[in-house]
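Keep in mind it's a predicted model, so treat the numbers as computed, not measured.
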Amino acid sequence: MVSDSKHFVVLGGGTAGWMAACLLAHHWPQHRITVVESPDIGIIGVGEGSTPQLKAFFDTLGIAEADWMPKCNATYKAGIRFDGWSERPGFESYFHPFHTQIDLFTEPQFTFHTRARRTGRDVWAHPDRFFLPASIAAHGRAPLAPSNFPFAIGYGYHFDAVFVGKMLREHATTQLGVRHLEHTVTGVKLDKSGNVESLQTEDGAVISGDFFVDCSGFRGAIIQAALKEPFLPFADNLFNNAAVAMPSPNDEGDIRSETRATALSTGWAWRIPLTNRVGNGYVYSSRYIDKDAAETELRTHLGMLDNEVEARHLKMNVGRVQRSWVKNCLAVGLSQGFIEPLEATALHIVQATVEGFIRAYANGGETDDGAADFNQSLNERYDGIRDYIVAHYRMNQRTDSDYWRDNAQNGNLSDNLKAIMTAWYSGGDLTEVIQKLNIAQFYSSLSWHCLLSGYGTFPADEKLIASTDGLPLADMEHIDRYISGCLQNFPSHRAALANLSL
């Protein structure tokens, strides 16, 4: 168990640092938590999206949506729409839904249809008609079920990351007793056994602690610079290593509760709707396009070629450290690793890392075995997420540029991803394979089915045969009525957001 004298020092603020501090202070109120944040290091303020796990984070802290969403220009997110990742007619766009209980009624029919189509039957297998979140987003609704609707609806958020960090800092310091120090850290002192003893600051302060949480960003001031933990790049798996971001007005009328990921020539553009603006960006590979050309392509995509709005250029270090917990240091956020933002997993990993660490450390995880088990579990999560992101590129159905063709031919795949692809193309039971691989905790069978069917990775239309062999196929008109009826229970997105400010 954690003793009464522990002092946890978090290096770095931002969303990751303050999330870590809030969780540590919430679960361990008897211990000291200090955040050391440099006033000289700016935080990049781009629109950011989340998975549904972020709602659980705010619920854990007891922070109501009305208390944080208006302050952070936040909107709701029912899922992600992928535009242009496939050239296959009828599959140029698809919506990836977050899990809802109501979709359990249509998921078996959907997966059955995808397998029927994979084995050459001419049946409907595009995911959008099967799942409620796609209709919620398409009709400008919020994924908020009324009290008389007896099914849970999973959803995430869009928000301004800078404002979320500031809001969590206020909550941590005023409600949870976290100490906030502003210093620029210039050095890390290790003791004779290689543990971190203290942080050395530019103004001569020495900040000692029992355990250190490295949230210093890509520089990894403790985990990489001081403790020399190796970084394992994912460049062979994921080509993208840069991004350019810029805002635009929110002028589409309805605010759709979806992130939009639109394929461009050498990557993809995100569109994240906030209440006050839209966050946009282009994630690309510098091997195929330079930064100026990428900015021009993004501006052209947004219709802002002659607009003077400043663009921000970002570099991404995609990969992970070999171990996140080393000695008396836990790396969290960009210091531990980064998988490109396609599925908005960054804060999800932060949350999983800190919560997993709290469980392991409180249960005697200070031993080498405890840290090893934690690191193995976390690495499996990183690699599972990586495989799912890689699949987006490897399975793309575009042929218009070297970037997309090279991704489709990329042979640097894990054994797990190879097994999934084999099951899909051979007409096998994909759900059974995912269960055998023990990877459903990273992405469910439904997620894999939506991705692979959403691209239209089926036999060519001319090879399909009419399904006249008595298969128990779904009544698609009945599903349409079912989804349409459920949709009537959900408020408009704008109305739901306005209600938060009352």
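- The main-chain N or O of His348 is never found under 3.5 Å from a side-chain atom of Thr345 such that the two would form a donor-acceptor pair.
- Judged by distance alone, with hydrogens and angles left aside, the side-chain atoms of Asn241 form a donor-acceptor pair with the main-chain N or O of Ser286 at under 3.5 Å.
- In this structure, Asn396 contributes its side chain and Tyr393 its backbone to a donor-acceptor pair below 3.5 Å.
- In the model, Ser50 has no side-chain atom that pairs as donor or acceptor with a side-chain atom of Glu48 under 3.5 Å.
- With respect to the salt-bridge test (charged N to carboxylate O, under 4.0 angstrom), the residues Asp210 and Arg32 do not qualify.
- Residues satisfying the ring pair (Phe, Tyr, Trp, His ring centres under 6.0 Å) criterion with Phe357, sequence neighbours excluded, are Phe211, Trp325, Tyr361.
- The backbone N or O of Ser484 sits less than 3.5 Å from a side-chain atom of Gln488, completing a donor-acceptor pair.
- The closest side-chain heavy-atom distance from Arg381 to Thr353 is not below 4.5 Å.
- Taking Phe442 as the reference, nothing meets the ring pair (Phe, Tyr, Trp, His ring centres under 6.0 Å) condition, with sequence neighbours excluded.
- Side chain of Glu355 to main chain of Ala352: no donor-acceptor pair is present (N/O by atom type, distance under 3.5 Å, no hydrogens or angles).
- The shortest heavy-atom contact between Asn379 and Val321 is OD1-O, 4.2 Å.
- Between the side chains of Glu343 and His392, a donor-acceptor pair is found at a separation under 3.5 Å.
- Checked by atom type, the side-chain pair His7/Thr34 shows a donor-acceptor distance below 3.5 Å.
- You'll find the side chain of His158 reaches within 4.5 Å of the side chain of Pro273, heavy atoms only.
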Leu104 vs His99, test: side-chain contact (heavy atoms from CB on, under 4.5 Å). Steps then yes/no. CA-CA 9 Å; Leu104 293 175; His99 174 77; 3.8 Å; yes
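- At a threshold of 4.5 Å between non-hydrogen side-chain atoms, the residues Asn438 and Gln441 count as touching.
- For Arg386, the salt bridge (charged side-chain N to carboxylate O under 4.0 Å, His left out) partners are Asp383, not counting sequence neighbours.
- Put simply, NZ on Lys327 and CG on Asn195 are 5.5 Å apart, with the number rounded to the nearest 0.5 Å.
- Aromatic rings from His180 and Trp18 are positioned such that their centres are separated by under 6.0 Å.
- Looking at every heavy atom in both residues, Ala242 comes nearest to Met316 through N-CE, 3.7 Å.
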Residues Cys22, Leu176; criterion side-chain contact (heavy atoms from CB on, under 4.5 Å); working and verdict: CA-CA 7 Å; Cys22 284; Leu176 297 173; 4.1 Å; yes
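- Taking the six-membered ring for Trp and the full ring otherwise, the centers of Phe82 and Tyr455 sit at least 6.0 Å from each other.
- The shortest distance between side-chain heavy atoms of Val206 and Lys189 does not fall below 4.5 Å.
- Side-chain atoms of Thr266 never come within 3.5 Å of backbone atoms of Ile289 as a donor-acceptor pair (strictly under, hydrogens ignored).
- Closest non-hydrogen pair, Val332 versus Ser335, comes out as O-OG, 3.1 Å.
- Not counting sequence neighbours, the partners of Arg81 by the salt bridge (charged side-chain N to carboxylate O under 4.0 Å, His left out) test are Asp128, Glu258.
- Atoms CD1 and CG, on Ile223 and Leu330 in that order, are 8.0 Å from each other to the nearest 0.5 Å.
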Derivation and outcome, side chain to side chain donor-acceptor pair (under 3.5 Å), residues Ser265 and Tyr284: CA-CA 9 Å; Ser265 70; Tyr284 63 92; over 6 Å; no
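- The CG atom of Asp306 lies 9.5 Å from the CZ atom of Arg299; values are rounded to the nearest 0.5 Å.
- With sequence neighbours left out, Trp448 forms a ring pair (Phe, Tyr, Trp, His ring centres under 6.0 Å) with Tyr388.
- Between the side chain of Asp214 and the backbone N or O of Ile222 there is at least one donor-acceptor pair closer than 3.5 Å.
- Proximity of Tyr94 to Leu451: side-chain heavy atoms (C-beta onward) are separated by under 4.5 Å at one or more points.
- Between the Asp103 side chain and the Glu107 main chain, no donor and acceptor come within less than 3.5 Å of each other.
- Crowding of Glu310 atom CD: a count of heavy atoms from other residues, nucleotides or ligands under 6.0 Å not exceeding 12.
- Under the 3.5 Å distance criterion, the side-chain polar atoms of Thr173 are matched with a main-chain donor or acceptor of Arg169.
- What you find for Pro247 and Val309 is that their closest heavy atoms are CD-CG1, 3.7 Å.
- Atom CG of residue Asn407 and atom CG of residue Asn237 lie 10.5 Å apart, to the nearest 0.5 angstrom.
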Under the side-chain contact (heavy atoms from CB on, under 4.5 Å) criterion, do Arg271 and Thr262 qualify, and how do the steps go? CA-CA 8 Å; Arg271 184 184 190 281; Thr262 302; over 6 Å; no
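- Taking all atoms of both residues into account, the shortest heavy-atom contact from Ala496 to Leu144 is CB-CD1, 3.9 Å.
- Counting heavy atoms from C-beta outward, Pro341 and Val283 have side chains that approach closer than 4.5 Å.
- Side-chain contact between Phe57 and Leu168: present, with at least one pair of heavy atoms (C-beta onward) separated by less than 4.5 Å.
- Between Leu199 and Phe212, some side-chain heavy-atom pair lies under the 4.5 Å cut-off.
- Taken to the nearest 0.5 Å, the CG atom of Leu347 stands 5.5 Å off from the CE atom of Met19.
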I'd like a table of donor-acceptor pairs (distance under 3.5 Å, sequence neighbours excluded) in which one partner is a side-chain atom from residues 62-72, with atom names and distances.
unit_1, atom_1, unit_2, atom_2, d
Glu65, OE1, Tyr76, OH, 2.7
Glu65, OE2, Tyr155, OH, 2.6
Glu65, OE2, Tyr157, OH, 2.7
Lys71, NZ, Asp67, O, 3.4

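- Although no hydrogens or angles enter the test, the distance criterion places no donor-acceptor pair under 3.5 Å between the side chain of Asn489 and the main chain of Pro146.
- Of the inter-residue distances, the one linking Phe374 atom CZ with Arg359 atom CZ reads 9.0 Å to the nearest 0.5 angstrom.
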In sequence, state the C-alpha distance, the side-chain angles, and the governing distance for Thr60 and His27, and then conclude on side-chain contact (heavy atoms from CB on, under 4.5 Å). CA-CA 10 Å; Thr60 295; His27 289 285; 4.2 Å; yes
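- Of all the heavy atoms in Val9 and Ser208, the pair that sits closest is CG2-O, 3.7 Å.
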